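What follows is a set of notes on a single structure, which appears directly below.
A, B, ... follow the sequence lines: proteins, then strands. Residue 1 opens every chain. Keep in mind the model is a prediction, meaning the values are calculated, not measured.
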Amino acid sequence: MVNFNFYPVDINQKVVDNKAFLYLYGRTDKGEQICLVEKDFQPYFWVLPKENPDELKAKLEKLQTDEFKVVKVETEKKKHLEVEHEFLKVFTDLPKSVPKVRNEIKYWDLVKDCFEYDILFTRRYLIDKNIIPFNLYNIEAEKTVEKGKVECFEVKEIKTTDSDSNFEPDIIAFDIETYNPTALIDPKENAILMIALYGKDYKKIITWKKNDHEDAEIVDSEAELIEKFKKIVADKKPDILCGYFSDEFDFPYIKARADKYRIKLDLGLDYSELKTGRGASTSCTIAGICHLDVYRFIRSVLRTAIKGGSFSLDSVSKELLGAQKEDVDVNNLATDWDNDTNLEMYAQYNLQDSKLTYDLAVKLFPNMNELVKMIGLTLSDTHRMGLSQLVEWFLLKQAPDFNEIAPNRPKRDTITERRSQTYTGGFVFEPTPGIYFNVVIFDFRSLYPTIVASHNISVGTLNCDCCEDAEPTPGLENIRFCKRKKGFIPSVMEDLIERRMRVKEIIKQKGESPFLYARQMSLKLLANSFYGYLGFFGARYYSFDCAQAITAYSRHHIKKVIEDANKENFKVIYSDTDSIFLELDKKTKDEAIKFVDKQNQDLPGLMELEYEGFYPAALFVPTKASGAGAKKRYALLDDKGKINIKGFETVRRNTSIIAKETQEKVLKILLSGEGDDKALNYAKNIIKELDDHTIPKEKVIIKTQLSKELGAYESVGPHVAIAEKMHKKGIPVGPGMVISYVVCKGKGVIRDKAKLPEECSDEDYDSEYYINNQVIPVVERILEIFGHKKEELLDKGSQDKLSKFF
DNA sequence: GCAGTACGGGG
DNA sequence: GTGTACGTACTGC
């Protein structure tokens, strides 16, 4: 018997001799990578009997076929949605028998329902044993022999430790560059030219042509490059191997090339091969090593925190690291590779991408670590989860502490039904379009979470039997919540809010650290996701009435603030859900702050109104339809002179550069007080330049991606028409390729007028199209505020030509 | 207005 | 594998 301290990192399961074993990989506190084998955990699920539990128990105990077997049945008192019942805990021989047994018995007369039959075996184990990845455990184990790259121990006991020591994972980032003679990405045809790896005190670029980069290692062929990559991963033994978009690009690409050379990509610590997901949205996994796709985490969890709108490595790095990619046009790589030119430059570009990925992983690790600790699943699982999934697994993790059995995931028809139901959202006070000066913003801190906690909103407290005469939810006569007993969801919510308040208190006293910041952010993120979760059609704990009650309470509270503000002669100009914009008019900033303090004395429980800030100017635009102020579309000038644009046309790839530039410039002119005439003239001038064709065609190119084979399209969009033209000219086209085109003069629908950029000159583009469909739409509603009509945007010279469009 | 399709990230 | 995205915006008809 041996005893040591251990940080779990990853978990796997395997069936050996018709028994399911669990393999917990990780690192000892001495830094050795090892594997623990658990042989005594049995798969199970829950059955709720209809009336006669003993009869059902006896029948289940005898259930056995060639395919599956029930090995044990236990009776246990558990709660389901806060109501106690007698449940049967049904153990099966193997994990895969669980769904089989469930399918066999679900229509039995004695069975009312089955629960928790779709929780993956490895996740079930982590939750039940309360094993939290990256926490330190004391292990009693016995040395055993298993096929693998690391030492193996059979677990006898796993004990929690008091240690607050933080696990510091070894992280390696990687990135590939591929041969790209066409715009088409094709792993069947095109080789991997370089792989860069970057870690703490480690950097290397592997390539198979002469390269003068000081960190380059030259091998003889692409096949050797892949072997070398394998060897480095095996030698460096990282806990985390990360890439950027590597779930859907780097790893599938490497796998495809390895298959071509019949190289086994046995990166797993048990020599198992890299598992690539098929199609979009699936993950690539390596046994024993956490494959972290930094892009997935950013997209799924940090999406609201990224202001730039794009999740590209370059823009995310700029925003989070203040660093950027090398300024290299990777489109020339194939040509340069063929000519043996600039290869050192590409090696540096490759290395820089892996460095940025590494730096992002290190920077975001505290956040991911906090989520892992709250959710209690591996980083590999956690970092790919969306907010609803995080809430769901958080609840699944908490449920045993409340003796709760979780509801099932909804079936297709339930989802359809849920999707069709709608209810009123937050309160919106529509702004009158215009420009305002000296604006103050208030907002409720964590509005929905504090409502859930303060008003006891939970599936099990909804319309309880014990408080029938309690006051109903404002505006919802038939919805009220228990006043006597705190519900499951409000309990965990209150815990989240209070934990966050404690962390913030520590930050106040001891100063901020990345770790404390990450902890409070993660708590906030999770708490804020509950409301969306309760109203999400795919949720186990879906509750239409709870979701609806939350917004009803929010409307009630914000309307009260607006009323009070108006009474005190603040001018409310806009309000949406949890925020209120006021024009100070004759009032002062101090008076606004005092108003907030007074409001807080009246608010219940954990609810709180905050003074968000002061803005010298704010601009609201009208909607197309009503002419009233559009919600969530405004631009602010802050007291540092910076312009914040909210909710305006997000610029996608298929918008021309000229449209984006014009909109930004017009807003800047208006907010900085240079006057609407100047803004109008600016826009007019752009329109004139488009009409005169003095704007170069580069600024009017529209780019759209081809998603399938040419023959597979039922409807032919402009980019498909162009792709067909390219195909006829002998240019290879296929799925994934970005088609650039310019809408040119001519007759018919847009696809008839689209041309390849190189086939037209600055003179050929259709000014009318760009003026009417690209530039005017983005500026007209802004200028409308000042009474300027579309027609004013047009110079006399072009008036005739364009008048027919209005 | 509906249905079908593309977007994202990567080279 | 006790699994198979997702929410939004545009175009064509």
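Where A/Arg303 and A/Val330 meet DNA chain B, the nucleotide closest to each residue was compared, and A/Arg303 sits on the side nearer the 5' end. Between A/Phe249 and A/Val720, the one whose closest nucleotide on DNA chain B sits nearer the 5' end is A/Val720.
The nucleotide whose nearest atom lies closest to any side-chain atom of A/Phe121 is, among B/dG9, C/dT2, C/dG12, C/dT2. Distance from the side chain of A/Tyr349 is smallest to B/dG11 among C/dT2, B/dG11, B/dG10. Picking from B/dG10, B/dA6, C/dT2 the nucleotide with the shortest atom distance to the side chain of A/His719 gives B/dA6. Listed nucleotides B/dG11, C/dT2, B/dG9 differ in distance to A/Val98; the shortest reach to its side chain belongs to C/dT2. Checked against B/dG11, C/dT11, C/dT2, the side chain of A/Tyr769 finds its nearest nucleotide in C/dT11. Side chain of A/Tyr244, nearest nucleotide from C/dT2, B/dG10, C/dG7: B/dG10. Listed nucleotides: C/dT11, B/dG11, C/dA5. Nearest to the side chain of A/Ala183: B/dG11. In this structure, of B/dG9, C/dG7, C/dT2, it is C/dT2 that holds the atom nearest to the side chain of A/Pro95. Nearest nucleotide to the side chain of A/Gln13, out of C/dG7, C/dT2, C/dT11: C/dT2. The side chain of A/Lys325 lies closest to B/dG11 when the candidates are B/dG9, C/dT2, B/dG11.
The phosphate of C/dA5 has neither OP1 nor OP2 within less than 4.0 Å of any side-chain N or O from A/Gln389. Using a 4.0 Å cut-off, some side-chain N or O of A/Arg751 falls inside it from OP1 or OP2 of C/dC13. At least one side-chain nitrogen or oxygen of A/Arg409 sits closer than 4.0 Å to the OP1 or OP2 atom of C/dT4. Of the side-chain N and O atoms in A/Ser310, one or more sit less than 4.0 angstrom from OP1 or OP2 of B/dG9.
Under the side-chain contact (heavy atoms from CB on, under 4.5 Å) criterion, A/Tyr423 pairs with A/Tyr531, A/Phe544, A/Ala547, A/Gln548, A/Thr551, sequence neighbours left out. Taking the side-chain contact (heavy atoms from CB on, under 4.5 Å) definition, one finds that A/Val749 meets it with A/Arg751, A/Asp752, sequence neighbours left out. Every residue was checked against the ring-ring contact (aromatic ring centres under 6.0 Å, His included) condition with A/Tyr346, not counting sequence neighbours, and none meets it. Scanning for salt bridge (Lys or Arg N to Asp or Glu O under 4.0 Å) contacts around A/Asp128 gives A/Arg124, with sequence neighbours left out. Listed by chain and number, the residues in a side-chain contact (heavy atoms from CB on, under 4.5 Å) with A/Lys260 are A/Arg257 (sequence neighbours excluded).
Between the NZ atom of A/Lys411 and the P atom of C/dT4 there is a distance of 14 Å, rounded to whole Å. For the pair A/Ile702 CD1 and C/dA9 C1', the computed distance is 15 Å after rounding to whole Å. A/Arg124 has its CZ atom 10 Å from the C1' atom of C/dT2, to the nearest Å. If you measure from atom CG of A/Asp270 to atom P of C/dG1, you get 17 Å, rounded to the nearest angstrom. Rounded to whole angstrom, the span from the CD1 atom of A/Ile750 across to the P atom of C/dG12 amounts to 5 Å. Whole-Å rounding puts the A/Phe41 CZ to C/dT2 C1' distance at 12 Å. Look at CG on A/Leu126: it is 19 Å from P on C/dG1, rounded to the nearest Å. Rounded to whole angstrom, the span from the CD1 atom of A/Ile185 across to the C1' atom of B/dG11 amounts to 4 Å.
At a threshold of 4.0 angstrom between heavy atoms, the contacts of A/Lys100 with the nucleic acid are absent. At the heavy-atom level, A/Asn12 lies nowhere under 4.0 Å from the strands shown. Here A/Phe68 lies out of heavy-atom contact (under 4.0 Å) with every strand. Here A/Asp175 lies in heavy-atom contact (under 4.0 Å) with sugar-phosphate atoms only. A/Thr182 comes within 4.0 angstrom of a base, heavy atoms only.
Counting all heavy atoms, side chain and backbone alike, A/Asp270 lies closest to A/Ser272 at OD1-OG, 2.6 Å. Here the shortest heavy-atom pairing between A/Tyr253 and A/Asn190 reads OH-O, 2.7 Å.
Under the 3.5 Å distance criterion, with hydrogens and angles disregarded, a donor-acceptor pair is assigned to the side chains of A/Ser312 and A/Ser310.
Between the P atoms of C/dT4 and B/dG10, the separation comes to 28 Å (whole Å). Comparing the same atom, C1', in C/dT2 and in C/dC6 gives a spacing of 24 Å after rounding to whole Å. Using atom P as the reference point in both B/dG9 and C/dA9, the two lie 15 Å apart (nearest Å).
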Completion exercise
With both pairing distances under 3.5 angstrom for Watson-Crick or G-U wobble, and | for a partner in another strand, the correct string for DNA chain C is .....||||||||
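Annotation: cation-pi geometry satisfied between A/Arg102 and A/Tyr117 (NZ/CZ under 6.0 angstrom from ring centroid, within 45° of ring axis).
Taking a cutoff of 4.0 Å between a charged side-chain nitrogen and a carboxylate oxygen, A/Asp293 and A/Arg384 do not qualify as a salt bridge.
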